[in-house]
Amino acid sequence: MLDKCITLLQSYGLSSLKKLKQVHAFSIRHGVSITNPEMGKHLVFYLVSLPPPPPPPMSYARKIFSAIEKPINVFIWNTLIRGYNETGDSVSALSLYREMRVSGFVEPDTHTYPFLLKAVAKMADVRLGETIHSVVIRSGFGSLIFAQNSLLHLYSNCGDVGNAYKVFDEMPVKDLVAWNSVINGFAENGKPNEALGLYSEMGSKGIKPDGFTIVGLLSACAKIGALALGKRVHVYMIKVGLTGNLHSNNVLLDFYSRCGRVAEARTLFSEMVDKNSVSWTSLIVGLAVNGFGKEAIELFKDMESKEGLLPCEITFVGILYACSHCGMVDEGFEYFRRMREEYKIEPRIEHFGCMVDLLARAGEVKKAYEYITKMPMQPNVVIWRTLLGACTVHGDSDLAELARIKILQLEPNHSGDYVLLSNMYASEQRWSDVQKIRRQMLEDGVRKVPGHSLVEVGNRVHEFLMGDKSHPQSELIYAKLKEMSDRLRLEGYVPQIANVYVDVEEEEKESALVYHSEKIAIAFMLISTPERSPIRVVKNLRVCADCHMAIKLVSKVYGREIVVRDRSRFHHFKDGSCSCRDYW
DNA sequence: TTAGGGTTAG
């Protein structure tokens, strides 16, 4: 009978306390007492291993709250606001604060405002934030460091770095939390260089960084592809014993993939003791965008077999992206189905975008268009642009025109679309259409977003624009460009003039191509770094077909591995070929 | 018996 009871315990295992109690009652009925050491051992083991019960719902707390005799003291108000914050219900947290003010019996205290500001920060509404800011000032709690830090965070969460910095600047005492918030605020709002600058300022003030600082720093390094700098941060993490910090490791993982260092990312992942679904998702996405679609899908299968890890919507963006870039159309549709049915994740517009890309990339532009018309939501510019891009690659000019009209309605004056379309016309030698587009661009006052490339030598990040001659070593760089062009021609390189959108003389077109920022950056790296060492370039736009071809040959002729991080993906060039297999 | 800062896509 003892064996029977233990088998029962094992099979019900960790399902619930109620089940365990049933087995206990069953054992007593059949003469197996708790005094039996074996029975006791198993029962204690399963009891202490039970998952923690979910917290009671806020509605219940609210009911009790309403029943409490008036006036309700400030601690209870604060606690309920905190409860709403912790369950992610910022709207109720804010309205509870308003209720407290209206009731008029009690004044907010030093705890109330940080709670309130946290709720407002989550809502990411600058105007509301400004209103609450003045409320805090009027209340007289403006000098409280908790309130100041909350305000700083509130502004950076709304994307208003100007005001965030103003709050920070005016703080008479800046503690580690303040530094971390302002650094992270800059890093997250498209100002990674400023974030790094503030970090060195922090160091000069003698403030020691912690795990939060690491997160802000590494995400700044990841954005500009500053590998050497990020590696120093990694070394620092080892030195001060932050390698066990899950958040820092997750960002480090993302940092390595965004610098094209997939091997390092994989090693780190395998060494991480603590992993959550963000870690798994980061590596899946990292593998996918670096062109390792098959490996990304293998990793996802691994993730599915692990207990307690649930893929989220971002994981599926990675998976669908992997399928579309590997041409795995059927698999993509299967994952899309499983995402909805098994994981109950409602697809968002990004997922539909991946599906359109999946079809369009595979050359099924007409099917992609049909898919768009059947989507349960209004297609956005990103979707139409995906279709436009695929139409130019696969030469469907009718559908391209249609996509462009849709884009114009949704977002006029976006230079990339004019460029895409004019490139397509140019490749078909339709010069009058090219001229028309170009005229329209001028009329609409649209200017091309200048392309720029970033490269890192030592601890410095160098930036090159298209046709840039401002670098101190400019002469040497242009001499190298000339040599590159000569050596590439010997290898059979023919400039692909279709990528220049103006109908000019052949020779002029060729020279315009030579000046693309990635070529200048690569020439600079060839003269600034040791032979055979790898080159990494971070670009703000998509790499053009001509540069792609040229870089493939450079990798072969100069024996260099070249990793280019594009606006949307990675190209790993080696021995004359690219990891994207010319499909991007 | 209450307070501020963290990463993955687009």
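Lettering follows sequence order; numbering is per chain, from 1.
Here the options are A/Y343, A/Y321, A/Y335, A/F352, the test is ring pair (Phe, Tyr, Trp, His ring centres under 6.0 Å), and the partner is A/F316; only A/Y343 passes.
In this structure, the nucleotide among B/dG10, B/dG6, B/dA9 sitting nearest to the side chain of A/V382 is B/dG10. Residue A/D254 places its side chain closer to B/dT8 than to any other of B/dT2, B/dT8, B/dG10. With B/dT2, B/dA9, B/dT7 as the choices, the nucleotide that has an atom nearest any side-chain atom of A/V317 turns out to be B/dA9. Side-chain proximity of A/R258 to the nucleotides B/dT8, B/dT2, B/dG6 is greatest for B/dT8. Among B/dA3, B/dT7, B/dT1, the nucleotide with an atom closest to any side-chain atom of A/V215 is B/dT7.
The nearest whole Å value for the distance from the CD1 atom in A/I72 to the P atom in B/dT2 is 19 Å. Per the geometry, CD1 belonging to A/I183 stands 14 Å off P belonging to B/dT7, to the nearest Å. Atom pair A/I145:CD1 and B/dA3:P shows a separation of 16 Å (rounding to whole Å applied). Residue A/F255 contributes atom CZ, which lies 14 Å from atom P of B/dT8 at whole-angstrom precision. Between the C1' atom of B/dG6 and the NZ atom of A/K118 lies a distance of 12 Å, rounded to the nearest Å. Atoms CG (A/L144) and C1' (B/dT2) sit 13 Å apart, rounded to a whole Å. What separates CG of A/N157 from C1' of B/dT7 is a distance of 14 Å, to the nearest Å. For A/W77 and B/dT1, the CH2 to P distance is 23 Å, given to the nearest whole Å.
Contacts of A/S248 with the nucleic acid, taken as non-hydrogen atoms under 4.0 Å apart, include base atoms. If you check every strand for non-hydrogen atoms under 4.0 Å, A/G211 touches a base. Contact annotation for A/N249: no contact, since no heavy-atom pair falls under 4.0 Å across all strands. Residue contacts for A/D210: at a heavy-atom cut-off of 4.0 Å it reaches a base atom on one of the strands shown.
Neither side chain, A/D274 nor A/N245, offers a donor N or O lying under 3.5 Å from an acceptor on the other. In this structure, a donor-acceptor pair under 3.5 Å is absent between the side chains of A/S181 and A/N184.
Judged by centroid separation below 5.5 Å and plane tilt below 30°, A/H247 does not stack onto the base of B/dT7.
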Could you please spell out the steps behind the side chain to side chain donor-acceptor pair (under 3.5 Å) verdict for A/N276 and A/S279? CA-CA 5 Å; A/N276 60 7; A/S279 331; 3.0 Å; yes
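For a distance-only test at 3.5 Å, the side chain of A/N245 qualifies as a donor-acceptor partner of the base of B/dG6. A donor-acceptor contact under 3.5 Å is not formed by the side chain of A/T213 with the base of B/dG6.
Considering SG of A/C354 and CG of A/L320, their distance stands at 5.0 Å, rounded to 0.5 Å.
Closest approach of A/A61 and A/L80 over heavy atoms only: CB-CD1, 3.9 Å.
Phosphate proximity of B/dA9 to A/R567: absent, as no side-chain N or O sits under 4.0 Å from OP1 or OP2. Distances shown here put a side-chain N or O of A/N184 below 4.0 Å from the OP1 or OP2 atom of B/dT7.
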